[in-house]
Amino acid sequence: MAGQQPAVRRGPLARALGQMRQNLWLQGVAVSSLAVTLAIMFAYVNLGLNVYAALERLSTGASVMVVLEEDAAPERGAELARLAAAWPEVLSARFVPKDEALERFRQQLGSRSGLLEGLARNPLPDAVEVRLKPGAAPLMVLGNQLKGLAGVAEVVTSRPWLHQLERAADTALEVGAVLGALLFIGVVLVVANTVRLAVYVRRDDLEIMALVGASLGYMRRPFLWETSLQCLAAAMLAMLLVWGLLAYFSAPLTLPLGLETSRILAFNPVIIPPFILAALAAGLVGSWLGVGRALRMKVW
Amino acid sequence: MVILHGVSKHYPQRRRPALDDVSLHVPPGQFLFLTGPSGAGKTTFLRLLFGAALPSAGTIRVGGADLGRLSPRQIPRLRRKLGVIFQDFKLMPRLSVFENVALALRVAGVKSRDLVERVERALRQVGLDHLAEAQADSLSGGEQQRAAIARALAHQPALILADEPSGNLDPRNALEVMKLLVAAHARGATVILATHDPALLDMVHGARVAKLEAGRLEES
Ligand SMILES: Nc1ncnc2c1ncn2[C@@H]1O[C@H](COP(=O)(O)OP(=O)(O)O)[C@@H](O)[C@H]1O
Ligand SMILES: [Mg+2]
C-alpha cells in the first residue's frame, strides 16, 4: 500500500496523512483527549456568554414596575405610561394589562404552564413597566413621584441591587476571562503532550530523517498538519457533545428574576467560528512547542 | 576532507574516554578503514563526524566546516553533504524503496523531475531498480542495505561514512556492499568505513587502515 504512493510530490500534508494512517489508535487517543478538553472550554465560554447576556437583559429590563389599583381603568394605565415616558431618566414605559402579563408568565413556564390551568381568575395586576436609562440616578425620588399619582397602588423597583448585580457581572467577566485564558493554556498543554507522544511513537522515522539531514522545520510540518486536523475533528466532537448535553439539560424552567434556564443553557452558534479558530491556534502553538521540545532533546 | 585534531570524547558516567586525543587527516579521495575491536570507539568516531555527538575536546573539520562552530540549524546542512550507512540500514520500514531513497533528496529541497531521475539512477547503481515500489520492510537484508546505500549515494556526497555496513549480512551480500562502496570511491567519493572485521581490508586495494584501540588511534 505504501508502495503505490505517487512518487513525484510528498508535501507535509501528504506526509502527515501517511503517518496518521499508520497509527490510528494514536489518532483516537489524541482526538478524544482533545475533544474532552475542548468541550470543557466550549461549554464554559458558551455558558459564560449566556449568563452574561442574561444579566444584561436583567439590568436593562423593566426595572420599575408601577402596579395599578385593581379598579383602575386601562386608559389610566396608558396615560400613566405616557407620563412616565416623559421623564428624562426613563428609557421607555409601557402599559402591560394583566392578561398580557399572564400570557407572558405562561410562556416563561413553558411546558409547565399547566400549573396555571387551575386558576379561577388572573392573579396578576395591571401594571406599567418602566425601563430606565442605563446608569440612571437613584430611584427614590422617581418612585415616590410615581406612587403619588392617581390609580397607582404600589411601585416595585429592583434597581438598588441591580447596581450590585452589574458590578458582580463585571467582576465575573474579568474572572471569566482569566479562567478562559487558563483553559486555553490547558488545551495548549494537552496538545503539546499529545504531540510528544506522537513524536515518541515515530522516533525511529524521525531519527532517520535527522540523519539524512532533515531540518527541524521539515520534521515539524507534518506534525502541525496532524495536530490541526486532530483539533478540527476534536472541535467538532466537542461541539456535538456540548450541544447534546445542553439540549438534554435545558428543560424550560424559570428561575427568580425571570432568568430562564433554557436561555442560559442554549447552544450559542455565534461562538462556533471563534471557537474553531481558538482550537486551531491552541493546536498549532502546542504542536510547535511540543515537537520542538521533543526533537531538541535528541541529537542523534 | 576530514581533519581531527586532539579529539577526545567522554561519555557521562564513563571513567575511560571513548576517544582519547585522536588526530587524523583524511585527504579527499581516500578510502579509509577504521578498524579495531568492538568498543574501541569506531561508532563514536563516526558519530562525531556527522554531528550526532560533540567532542569533549579538540577540533573537527569536515569538508571545510568546523563542527564545533556549527549551530544546530547548520547540522542538517552538513548531513546533506554526507552519505551515512549503518549496520542496521535505518530505512523507513513502511515506505517504498523509492521513497526511502527520495528522502535524502526531499530534505534537501530537490524537486519533482530532477528527483525521480536521481533516485532512479541511484537505484540502478545498486541494482534495485526493479524493487523501487516495494515496501522497504519486505526486502531481504542485503537488499535493504543496498537501498540504504542508494539513499546515501543519491545526492552524490563527497564523503561517505559507513559503520559496519556489512555487519548484518552474509558473506555474499557483504561482498556486494563492499563492491558498491568501492565503486562510489572510484567515482571520486572519500570513504571512511568502520569495521571490526579484518577480512574486509583485503577487498579494497590501496586503502588506508587506521586502528582504534580503547579510544587511541594507531596507524599501520
Ligand atoms: N551513548 C553512550 N553512552 C555511554 N557510553 C557509550 C555510548 N556510546 C558508546 N559508549 C562507550 O564508548 C566506548 C566506545 O563505543 P563505540 O564507539 O560504540 O565503539 P565501537 O563502535 O568501536 O564498538 C564503549 O566503551 C561504549 O560502551
Ligand atoms: Mg560500533
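Sequence lines set the chain letters: A, B, ... in the order given, protein chains first and strands last, and positions in each chain run from 1. Note that these values count all heavy atoms, side chains included, but never hydrogens, waters or copies made by symmetry. These numbers come from a predicted model, not from an experiment.
- Counting non-hydrogen atoms of neighbouring residues, nucleotides and ligands closer than 6.0 angstrom, the NE2 atom of His5(B) reaches no more than 12 such neighbours.
- Expressed to the nearest 0.5 Å, how far CG of Leu95(B) lies from CZ of Arg15(A) amounts to 10.5 Å.
- Side-chain contact check for Gln19(A) versus Arg94(B): every heavy-atom pair is 4.5 Å or farther apart.
- In summary, of the residues considered (Leu211(A), Asp205(A), Asp204(A)), a side-chain contact (heavy atoms from CB on, under 4.5 Å) with Lys90(B) occurs for Leu211(A) alone.
- Using a 4.5 Å cut-off between heavy atoms, Leu91(B) contacts chain A through its backbone alone, with no side-chain atom that close.
- Within a 6.0 Å sphere centred on CZ of Arg77(B), heavy atoms belonging to other residues, nucleotides or ligands number 12 at most.
- Only the side chain of Arg151(B) comes within less than 4.5 Å of a heavy atom in chain A; its backbone stays farther off.
- For the pair Ile208(A) and Phe86(B), the minimum side-chain heavy-atom distance is 4.5 Å or more.
- Judged purely by atom type and a 3.5 angstrom limit, Arg79(B) uses its side chain to pair as donor or acceptor with the backbone of Ala210(A).
- Across all their heavy atoms, Arg80(B) and Val212(A) have their closest contact at CG-O, 3.9 Å.
- Looking at residues two or more places apart in sequence or on another chain, you find a side-chain contact (heavy atoms from CB on, under 4.5 Å) between Glu143(B) and Leu128(B), Leu131(B), Leu139(B), Ser140(B), Arg146(B).
- Other residues, nucleotides and ligands contribute at most 12 non-hydrogen atoms within 6.0 Å of the OH atom of Tyr200(A).
- Scored by the ring pair (Phe, Tyr, Trp, His ring centres under 6.0 Å) test, His185(B) finds Phe31(B) as partners (sequence neighbours excluded).
- Nearest heavy-atom pair, Pro76(B) versus Gly213(A), reported as atom, atom and distance to 0.1 Å: CB-O, 3.4 Å.
- Heavy-atom neighbours of Arg69(B) CZ from other residues, nucleotides or ligands within 6.0 Å: at or below the threshold of 12.
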